[in-house]
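What follows is a single structure, written as structure tokens, with notes after it.
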Amino acid sequence: MLISQLMVVLDATIVNIALPDIKNALGFSSTGLSWVINAYTLAFGGLLLLGARAGDILGRRRVFLAGISLFTLASMSGGVAASSTELLIARGLQGIGAALAAPSALALLMTLFPEARERTKALGWYTAVSIGGSAVGLIVGGMLTQWVSWRWVLFINVPIGIALLLVSLRVIPDTARHPGRFDLTGALTSTLGMGTLVYSLVRAASDGWGDPLTLTGFAVAVVLLGAFVATELRASSPITPLRLFADRNRATSYLARLLLVAGMFGVFFFLTQFLQDILGYSPVVTGLAFLPLTVALFVASQASARVLTRRIGEKPVLVAGLLTSTVGLFWLTSLSADSSYLQLLGPLLLFGMGNGLAFVPLTSLSLAGVAPKDAGAGSGLVNVTQQVGGAMGLAVLITVFAQTAGPNVNAASAALAAGRQPSAAAIESAHQAYILGADRAFGWAAAFLAAAAILVAVLVRRPVADEPAAERSAPAGRADEDEWSEDQRSGDDDFAVGELLVASEDGAVPGSAIA
């Protein structure tokens, strides 16, 4: 499960540092190059709800293996692409494979670890991989691009994918197929609506919020998603059961995740350019510069999962994590053209620590109390909020950056495009404009996280089950675990997981509320 999640999230960032080499090799235009990233994001975000429901109906193991297979084949196709069109098609197919695999992976993780303490540990590892994978992608992407070839940022998935498939066939148990029909109208409206929304956010980042096509896309997305909600209210077997939003804790966790990811994506986007363009780092050194963030995130996520959430509860840990990340982002607003890496180290450590603390209880809140038949849909919504949050965050932050930086930020690039060597004054002006814009963008990103902290503090209820671990009844949790193991061996996981969810008030599932 962790390896599959690493492949999915790593692929969203590993290509970033290779973009200049891809542009030269396949003849991309400056505007068309962004679609190397966007084709993956669009397919992934647009098909997540459909992929999640497919796992519930067809069997999560089956859909997971299909998604990893498609992702691996698409990675091979992208690595051997001879034209820009071939690469974009391969990236789109990668996104489809990820949309099938990611929700089923998280749903399987929650089903395979029903006991409270083991589930929280599993979520700690899942969080470390999910968020740390983005930073790892920058490190690995820089190494492969500089030392081997840009094609290896795609080829690297092939041996990993093959090994993952072989191991998964042996170690992942089959899961029950929950009765239901595909809600074709819901699938169509959700896929087109989510795809149009993500496309519009991506276009807003590059062409502006006032662009006619951007505005048209938003209008179409509102109509399609409105039709999707109306369809789900009437459907006998909805692709996304709206009852998932009935629990206040869960609904708040979705919104908090969207805001957290919206701010997080800005850190990687702007700091990557700052390190390379302002400080003059190579791709490899740029990737390694994010290593302290990754280490801090890993340590904090393990502390959150193994100790803190059990001793002081999920809500306090979540609020503390969000506030820590907010401070780290606000600290970044003090960057200047004369800043050294040491001045970045503090904000990176705080941001990594805060995210590591926050994502474990945030994921637990999103999935607590979800019935087994809805586990895939619930996991899909977790991934959807991340995709929409990332696209929305970049669109907003890039707009803030552009309006603050002004035209001077492109002075040096314009000279190079015209075949002229930019003057020292033009370079200095571009650097100052970039710093001004990035500082303002970091301020907005900090505001996103502060808003998430306020939402959680005000709206999330701290249930009876969310109490220190020492006060819980350990024998009951062990009995539940043994009961589930026996049911799993007989192939009936519905009864056992359902019993665990019902037993949540005894502490079996921390922070849960029956939907």
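We number each residue from 1, following the sequence as shown.
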Partner set under ring pair (Phe, Tyr, Trp, His ring centres under 6.0 Å) for Phe351, not counting sequence neighbours: none
Under 3.5 Å side-chain donor-acceptor pair for Glu314 and Ser364: yes
Aromatic centroids of Phe330 and Phe442 separated by under 6.0 Å: no
Side chain to side chain donor-acceptor pair (under 3.5 Å) contacts touching residues 392-403 (sequence neighbours left out): Trp209-Thr399
Among Leu70, Leu164, Leu165, side chain to side chain contact (heavy atoms under 4.5 Å, CB included) partner for Leu65: Leu165
Counterpart residues, side-chain contact (heavy atoms from CB on, under 4.5 Å), relative to Val223 (two or more places apart): none
Atom CG of Leu192: over 12 foreign heavy atoms under 6.0 Å: yes
Aromatic centroids of Tyr254 and Phe245 separated by under 6.0 Å: yes
Test of ring centre spacing under 6.0 Å for Trp125 and Phe113: no
No-hydrogen, no-angle side-chain donor-acceptor test under 3.5 Å, Asp439 and Thr333: no
Reported OG-to-CG distance for the pair Ser253 and Leu381, which is rounded to 0.5 angstrom: 9.5 Å
Test item: side-chain donor near acceptor, Arg62 and Ser104, under 3.5 Å: no
